[in-house]
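A quick write-up on the structure given underneath.
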Amino acid sequence: MKEYYNHHEVEPKWQKIWDDEKAFATSTDYSKPKYYALVEFPYPSGQGLHVGHPRPYTALDIVARKRRMQGYNVLYPMGWDAFGLPTENYAIKNHIHPKIVTKNNVERFKNQLHSLGYSFDWDREINTTDPGYYHWTQWIFLKLFNAGLAYKTEMPINWCTSCKVGLANEEVVNGVCERCGSEVVRKVKSQWMLKITEYAEKLIEGLDSVDYVERIATQQRNWIGKSTGAEVQFALTGKEDKLTVYTTRCDTLFGATYMVMSPEHPYIDKYKDSISNWDEVCAYREEASKKSDFERAELAKDKTGVELKGLTATNPVTGKEIPIWISDYVLMSYGTGAIMAVPAHDERDWDFAKKFNLPIIEVVAGSDVPVTEKVYTDVATGTLVNSGFLNGLSVADAKAKMIEYLESNKIGCAKTNYKLRDWVFSRQRYWGEPIPIIHCDKCGYVPLKEEELPLMLPEVESYMPTDNGESPLAAMTEWVNVKCPKCGGDAKRETDTMPQWAGSSWYFLRYTDPKNDKELASKEALKYWLPVDWYNGGMEHTTLHLLYSRFWHRFLYDQGVVPTKEPYAKRTSHGMILGENGEKMSKSRGNVVNPDDIVRDYGADTLRTYEMFIGAFDQAAAWSEDGVKGCRRFLERVWKLQEILTDGDKYSDDLEAKMHQTIKKVSSDFESLKYNTAIAAMMALINDFYKKGSVNRAEFGTLLRLLTPVAPHITEELWEANGYEGRLYNAAWPEYSDEKCVESTVTIAVQVNGKLRATIQAPKDGEKDAIIAQAKEAAAEKITGNIIKEIYVPGKIVNIVCK
RNA sequence: GCUGGUGUGGCGGAAUAGGUAGACGCAAGGGACUUAAAAUCCCUCGGGGGCAACUCCGUGCCGGUUCAAGUCCGGCCACCAGCACCA
């Protein structure tokens, strides 16, 4: 018998053996069935691994190890999303090249991950900062550029006053920079943009063909924000131009009593001569332009605005002349930058009309309260009134009829809109992929030739962005000044770099063929491995990273580069691990747990088991060191089963059903995010072994095979020490049969009038009448009066209803 | 405000499809072993009442459907996360 379980010896021993035997190398034999399990690759921060990291990594390690035992060729890779601001900021502060900082951090992360016994195929490790990798990130950018999906535009962008970079709208949280928390202001800059909006529809449609956790799919849909409505043209009194608006409620057109334009609307300048209160208008615009989108939103409670005196429009269905206002609650970035206001049936318009005393006309009847007192927005029950040819129709019918009318009279059309905005793709930073574009005064933006890639990130003296918002690369004149590839004249390189999202938008493709220097990955490899079978990541990435990578993938599909429309067949997400006090772990709260300490004191297997047992996988869970101890105790009890191990090459009769039930439960729980109940089932199983006082070799072998994905080191050691054949990582996953899951006798609950009164033991396929008779006898004292009903649910419950 | 999620013992959490609420673990209490402690093993462990067999109450709150509701329906409340005037 083996000595007391010592993880200090057992864990490094097996990690070395797995390395030496290349136990988890992915096969390139493409005739085998494949399984591609993916976790989000980490940003190698200076803090090292956090206890949050092992949660998803262990979960999919379990899936990967199980699938290997089931005969799949598994790809479970790991890499580094290593470009990014914290590294650059650290480099600036400490005068160390970000390349060195990255190298050190990666080394540390890798050692930490290795100590946890993950079955990653390290031969396929990738790093986004490696020129052999960003070669292809740049290549994809050129593809996007050549397809017209990358463009440069002067636009007000979100400018972080501290990071000195432009941010995508998606990166701004509550008006402050998502990364550093500093104030974000508006600044006009020439920016590279990617036309993700052109893919809005495809990105919505694609969600129907994949298996995403429902709330993830919902968030993606809401973020894209599709709405269907109509564009309607309003004639401007005495002008040639029409003012076009977008509306989702064209049924209420008869109730449009005024219009509102965004303060940035181009018609305001165009018709300035007609506007009699120009000074007032200018003052309002000035004030609005100072506000960021966020301030505009914050000040929203109280509506502000100015009427454009001298400029009016005509309601195309009533023929009435209506005033035009400007207000900052109308955004230039959505729809057409102008709206028709129907105060009776839109909350914001109602507030605005009340404040400025504008007419409110009811066109949908159905409210108990007059619309002058309360806005009525219900679309399900109302009926159209005061609306000419729409009178008497439901809202839905009225919409259809109105669109017909608009189109036949050429004053409008059906129209779909999306909330999604284009992706701001430039960063005024050093530590990112250089954008492979040259600007020539004569030829415009000229892309580099594919053969010139990768465009290497040059060495610079200082990584500090310049105060005027230029990237540090702008100071490198010998790098910046080049000849135009088209005309040979003087030209300049683009000095902005790509955002961190770029490298992570396609990394899962590179894992399939990571060393290929001719293509991003071979067609063969892509065809075999795609799509990713299961991708797990944090909830915080369900809108940004997930949407961006789906966009790039779909674009590459359209270009014939990848074989599938969608990159990920299945997407799940894990909950956060909180401190012992239930708060988010942070240095300032002093509740950070270092995984290295847990590995040292309790072992990697204990950490892995605990993180899976801690609670429902998709929910946040608070750390508990006592809980860690409980898991260590469980593994020790598994170890000590050796003391009661007996011979036997098949399950003993009294445990056979339990064995089959456990295999079934563990097998399905591992695939459905229920790691906690899978472990509970194994705990219950060993409790049965101890209760019985013995476990035979067949039973013990099955337990080891079920447990090894969770706790691979201890189980591998027990497998070897007790003379089981071969390596456990190569063993076959245990089989079960549904038939054998059922015990020969079952316990049936007996209820009288719905209350539990007794339980009886009965054969599993007993006759209904016999069981009911047995139940009546068991609960005889509780049955009073006449029996009016007897319910029997086979194998579960008998309910006697009496009165 | 809108959207999504959650609400079950002292704690983390179980409970396919409505069918014995509290699996599994932690903590706590009692006992065994020990000179003692740790470790380990055994017992108890939702609340009230009873000497006891037993009994009543109990899954955020109010109501409903059902032989039967943590689970379904209607109406609330609380907390967490995301979004922010999207026409």
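Just so it is clear, the values below take in all heavy atoms, side chains as well, and ignore hydrogens, waters and symmetry mates. Order of the sequence lines sets the chain letters (A, B, ...), proteins ahead of strands, with each chain counted from 1. In this text the structure is predicted, and so the values were computed from the model without any measurement.
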Ignoring backbone atoms, establish whether [X] has a side-chain N or O less than 4.0 Å from OP1 or OP2 of [N].
X: A:S227; N: B:rA87; answer: yes
X: A:K789; N: B:rC67; answer: yes
X: A:R421; N: B:rC86; answer: no
X: A:K796; N: B:rA17; answer: no
X: A:K755; N: B:rC57; answer: yes
X: A:N676; N: B:rA14; answer: yes
X: A:R633; N: B:rA27; answer: yes
X: A:Y246; N: B:rC86; answer: no
X: A:R637; N: B:rU40; answer: no
X: A:N222; N: B:rC2; answer: no
X: A:R757; N: B:rU55; answer: yes

If I pick the [atom1] atom on [M] and the same atom on [N], what distance separates them, to the nearest angstrom?
N: B:rU65; M: B:rG13; atom1: C1'; answer: 30 Å
N: B:rU66; M: B:rC73; atom1: P; answer: 16 Å
N: B:rC79; M: B:rG25; atom1: C1'; answer: 26 Å
N: B:rC51; M: B:rC24; atom1: C1'; answer: 35 Å
N: B:rG48; M: B:rC80; atom1: C1'; answer: 34 Å
N: B:rU35; M: B:rC26; atom1: P; answer: 28 Å
N: B:rC72; M: B:rA23; atom1: P; answer: 23 Å
N: B:rG64; M: B:rA69; atom1: C1'; answer: 11 Å

Among [options], which nucleotide has an atom closest to any side-chain atom of [X]?
X: A:I791; options: B:rU3, B:rC67, B:rU40; answer: B:rC67
X: A:F613; options: B:rC86, B:rG25, B:rU20; answer: B:rG25
X: A:K640; options: B:rA87, B:rC24, B:rU40; answer: B:rU40
X: A:A680; options: B:rU20, B:rC24, B:rA87; answer: B:rC24
X: A:Y334; options: B:rC85, B:rC86, B:rG19; answer: B:rC86

Distance in angstrom units between [X] [atom1] and [N] [atom2], rounded:
X: A:D618; N: B:rG13; atom1: CG; atom2: P; value: 11 Å
X: A:E643; N: B:rU40; atom1: CD; atom2: P; value: 13 Å
X: A:M612; N: B:rG13; atom1: CE; atom2: C1'; value: 15 Å
X: A:E636; N: B:rA38; atom1: CD; atom2: C1'; value: 13 Å
X: A:L673; N: B:rA14; atom1: CG; atom2: P; value: 12 Å
X: A:K691; N: B:rC41; atom1: NZ; atom2: P; value: 14 Å
X: A:F634; N: B:rA39; atom1: CZ; atom2: C1'; value: 19 Å
X: A:Y792; N: B:rU20; atom1: OH; atom2: P; value: 14 Å

Donor + acceptor pair across side chains of [X], [Y] (<3.5 Å):
X: A:Y284; Y: A:T304; answer: yes
X: A:E264; Y: A:S262; answer: yes
X: A:D346; Y: A:Y376; answer: no
X: A:S227; Y: A:Y334; answer: yes

Just call it for [X]: base, sugar-phosphate, or nothing, with non-hydrogen atoms closer than 4.0 Å on any strand.
X: A:K664; value: nothing
X: A:A620; value: sugar-phosphate
X: A:I748; value: nothing
X: A:A616; value: sugar-phosphate
X: A:N687; value: sugar-phosphate
X: A:G630; value: sugar-phosphate
X: A:T247; value: sugar-phosphate
X: A:D626; value: sugar-phosphate
X: A:Q619; value: sugar-phosphate

*For the residue pair A:Y258 and A:F352, does the interplanar ring angle fall in the parallel (under 30°), tilted (30 to 60°) or perpendicular (over 60°) class?*
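Because their plane-to-plane angle is under 30°, the rings of A:Y258 and A:F352 count as parallel.
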Any salt bridge linking [X] with [Y]? Criterion: basic side-chain nitrogen under 4.0 Å from a carboxylate oxygen.
X: A:K226; Y: A:E201; answer: yes
X: A:E40; Y: A:R571; answer: yes
X: A:E636; Y: A:R632; answer: yes

*Hey, does the side chain of A:D349 reach the backbone of A:V342 with a donor-acceptor pair shorter than 3.5 angstrom?*
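Yes, because the side chain of A:D349 sits within donor-acceptor range (under 3.5 Å) of the backbone of A:V342.
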_A:K354 atom NZ, neighbour heavy-atom count above 12 within 6.0 Å_ =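 It does: A:K354 NZ has more than 12 such atoms within range.
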*asked:* On RNA chain B, compare the nucleotides closest to A:Q751 and A:T336; which residue's is nearer the 5' end?
replied: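 Result: A:Q751.
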*Hey, which sits more toward the 5' end of RNA chain B by its nearest nucleotide, A:I797 or A:G615?*
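Its nearest nucleotide lies further toward 5', so the answer is A:G615.
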*Which label fits B:rG9, syn or anti, where anti is any glycosidic angle not within 90° of 0?*
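Base orientation relative to the sugar is syn.
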*Start with the C-alpha gap between A:H574 and A:N536, add the side-chain angles, then the distance that decides, and say whether side chain to side chain donor-acceptor pair (under 3.5 Å) holds.*
CA-CA 7 Å; A:H574 55 270; A:N536 184 81; 2.9 Å; yes
*Apply the ring-ring contact (aromatic ring centres under 6.0 Å, His included) test between A:Y675 and each candidate in A:Y610, A:F617, A:F613; give the one that qualifies.*
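The option that passes is A:F617.
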*Strand RNA chain B in bracket notation, Watson-Crick/G-U under 3.5 Å with | for pairs to another chain*: (((((((..(((......[....))).(((((.......))))).((((....))))..(((((..]....))))))))))))....
